[in-house]
Amino acid sequence: MAKITKQSDNFAKWYTDVILEADLAEYGPVKGTMVIKPYGYSLWENVKDTLNSMIKESGHENAYFPLFIPKSFLEKEAKHVEGFAKECAVVTHSKLISEDGVLKVDPSSKLEEEIIVRPTSETIIWHMFKKWVTSYRDLPIKINQWANVVRWEMRTRLFLRTSEFLWQEGHTAHATKEEAMAETLMIVDMYKCLFEDHLAIPTMIGRKSNMERFAGADETYSIETMMRDKKALQAGTSHYLGTNFGTAFDVKFQSKENKEQPVFATSWGVSTRMIGALIMVHGDDKGLKIPPRIAPHQVVIIPINPKNEEKEKFDNFVDTIYNKLKNDSIRCSIDNSNNSPGFKFNNWELKGAPLRIDIGLKEFQNNKVTVCRRDTGEKEEISPGQLSQLSSTLEDIQKGMYSSASTFLEENTFELNDYSEFKKLLSKENCFIKTYWDGSDISELKIKQETKATIRCILEDVNDSNLKCIFSGEPAKHLVVFAKAY
RNA sequence: CGGGAUAUAGCGUAGUCCGGUUAGCGCACCUCGUUUGGGACGAGGGGGUCGCAGGUUCAAAUCCUGCUAUCCCGACCA
C-alpha cells in the first residue's frame, strides 16, 4: 500500500504525496493545472462558506465579472502591466479547422483585439465602476467575486502555485482615502480571523516592501504563515490601491459640494493556496491533520463486525451513534467500505479526520464506543450517553492545533540585529527573523541575493536614531520579518 | 526562459546498450472462497495503437530523424 515520504526525508515530496494519497487533488493534463477532487473540494468549500459569510456580514455583495479581458484594459495601469504581462494566457483566435482529423487554428479567425484570460480582475472591474459611479451617493461600492484566474507560471506546485486557481477577490471603491484604508485593514482582520479561528493557523501580518508589493497597489498588507519546514507562505493579501485604478480608468465622482473628486480603491484575496498552507502547517508523517471547524468529516465511524454477528442489532447500534452525532450538528460519516479495519485507521489518519469512532463487537456488547483523536492519538472508551461531549472534544482539538502551530511559529522566530549572525542562522536552518531595515531597495535586494531570504512584511515603523538597519547600519525605518518563502 | 531526466496497462516498472517467440513483473481492478481490533490471504481472470509522426530493415518497444508532453533543478511569481 501507498506510504508517504517522511517530512524529515523530503518535505516537498511529503507534501505532494499527502495531496495525492489523501485524494485531495491530482495533476491535470495541461502543465500546471490541477483537478481538485471531491475530498479536496469539500475542504475548500468549508473554508469558502465560512469566508463567504464573513464577507457578506461585513457589507460586501457577491457578483461575477467576465473571464475575458480586452488586452487594452491591462495596458491602462503602468505598474499593473509590468507585473502581469509576463504571465498571461492570451486568446488570439476563435476557430479551429479540422484537417484529416488534426485540428489547426484557423488563421482567418484571428481576433481584432487579443483577449487576456484574467490574471486578476481590477481592470475589468474598474472599467465597469466607471459606468456605476458618478455621484458620492454611488459610493462606496463593495463587491466580491468567487472566480478562477490564470497566471502562466514557470514553476508550479499543487495548490501552492497552479496555472489556474480558485479564489475570492474583493474590489471596493470609496470616496476617501481614509475609508479605503480602513477597508483594507478591516479585511486584514477578517483574514486573520479566518486563519486563526477556523484554519488554526497563526499569522504574522504587516505591509509589503516596495519590491514585494502588488502591481498597482500603494500598500499591500499580507498574511504570512509558517510551514512545518519553517518557510514562509503568503496566504492572503489586502491592497490599498489609492487612486491608481480610478485614475487609469477615469473614474470620478461629484461630491456633496458639487466638486469632481477621485475614487479610492481596495482589492483583496485569498486562494486555494490556503489549502496548501493548511496541509503544511498541520500535517505530520501520518498525513493530513484538518482542524475540526473545516474538516469535511469531523468524526468517522468504523464498524468492525467481521462475522456479521447479530447484524441487525449491531447495525442499529452503529446507526444510533451516527444519529446522535448528527443531532449534535457534527459532520459524521460511517466507513462501510470493504477494506480491513487497519487500512481504514491509516486511511482516515492520512485524510486527517479529527476524530474516529471504532465500534466492534466488544464495544457493542458493553454498550461503549472507542474514540480516537487524530491530533494526540489518544484512545478512550465512552458510553453512548457521553457522545454529547464530542463537540467540546472537537473544540479542544481545534484549540490544541492552533496553540501547537503558534508555539512552533514562536520557537522558530528569532530577533537579532547582526548581519553575520543572520547569515549564519539562515544557512543552518529556515526560520523567521525579526530585525531592523533602512527601507531601501538595495539593502533588501542584497540580503535576498546573499541569503535567499526576503522581507515577508513590515511589522511596524520605527523612529529611534539608536536603531540601525541590519545590513547597511543606516538608521532603521522599519521592524520587519525576513524568511525564505514559497 | 536556461540545465537535466523521462515517456511501455489505471499507477509503478523490466526489456532498449547488442533489433528476432505471444512485451514480463508488482500494485490496483473483476470473480470465487477464506478473512477482518493498526495498511489480510489464496486461486482464477480482464486490461497494451510500447508518447506522436516519419525513416532504416525480411523483422522495430529496441536503431535514425523530427515533434509533443510531463517531471526535477535554477531564474520569475499568489
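Order of the sequence lines sets the chain letters (A, B, ...), proteins ahead of strands, with each chain counted from 1.
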A:Phe68 ring centre to A:Arg118 NZ or CZ under 6.0 Å, with the angle to the axis within 45°?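 So A:Arg118 doesn't make the cation-pi contact.
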Quick one about A:Ser267 and A:Glu169 (side-chain donor to acceptor, distance below 3.5 Å, no hydrogens or angles considered), yes or no?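 There is no such pair between these side chains.
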With a non-hydrogen cut-off below 4.0 angstrom, is [X] in contact with a base, only sugar-phosphate, or nothing?
{"X": "A:Phe165", "result": "base"}
{"X": "A:Leu361", "result": "base"}
{"X": "A:Ile302", "result": "nothing"}

Return the value, rounded to whole Å, for the distance between atom [atom1] of [X] and atom [atom2] of [N].
{"X": "A:Asn339", "N": "B:G39", "atom1": "CG", "atom2": "C1'", "result": "9 Å"}
{"X": "A:Glu153", "N": "B:C77", "atom1": "CD", "atom2": "P", "result": "9 Å"}
{"X": "A:Arg456", "N": "B:C77", "atom1": "CZ", "atom2": "P", "result": "11 Å"}
{"X": "A:Trp152", "N": "B:C1", "atom1": "CH2", "atom2": "P", "result": "12 Å"}
{"X": "A:Asn366", "N": "B:G37", "atom1": "CG", "atom2": "C1'", "result": "14 Å"}
{"X": "A:Arg213", "N": "B:C77", "atom1": "CZ", "atom2": "C1'", "result": "17 Å"}

Can you check whether A:Ser337's main-chain N or O pairs, donor with acceptor, with A:Lys344's side chain at less than 3.5 Å?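 Here the side-chain-to-backbone pair exists.
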Flag, side chain of A:Thr243 to backbone of A:Gly246, donor-acceptor distance under 3.5 Å: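 No; zero donor-acceptor contacts below 3.5 Å.
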Of the candidate nucleotides [options], which contains the atom at the shortest distance from the side chain of [X]?
{"X": "A:Glu349", "options": "B:C77, B:G38, B:G37", "value": "B:G38"}
{"X": "A:Glu363", "options": "B:G37, B:C76, B:G38", "value": "B:G37"}
{"X": "A:Glu87", "options": "B:U36, B:G39, B:C77", "value": "B:C77"}
{"X": "A:Lys86", "options": "B:G37, B:C76, B:A75", "value": "B:C76"}
{"X": "A:Arg161", "options": "B:C77, B:G37, B:G38", "value": "B:C77"}
{"X": "A:Ser340", "options": "B:C77, B:A40, B:G37", "value": "B:A40"}

Give me, pair by pair, the N or O atoms of the protein and of nucleotides 68-72 of chain B that are less than 3.5 Å apart, along with how far apart they are.
from: B:U70; atom 1: OP1; to: A:Lys31; atom 2: N; distance (Å): 2.4

It should be established whether A:Lys344 places a side-chain nitrogen or oxygen under 4.0 Å from OP1 or OP2 of nucleotide B:G38.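 Result: no.
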Passing option when A:Asn144 is tested against A:Lys56, A:His171, A:Gln168 for side chain to side chain donor-acceptor pair (under 3.5 Å):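 Result for side chain to side chain donor-acceptor pair (under 3.5 Å) with A:Asn144: A:Gln168.
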Donor/acceptor link under 3.5 angstrom from A:Glu26 side chain onto base of B:G10: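 No such pair is found, so the answer is no.
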On a plain distance test, is the side chain of A:Lys379 in donor-acceptor contact with the base of B:G38 below 3.5 Å?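 Indeed there is one.
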Ring geometry between A:His297 and A:Tyr39 (parallel below 30°, tilted from 30 to 60°, perpendicular above 60°):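 Rings of A:Tyr39 and A:His297: parallel, under 30°.
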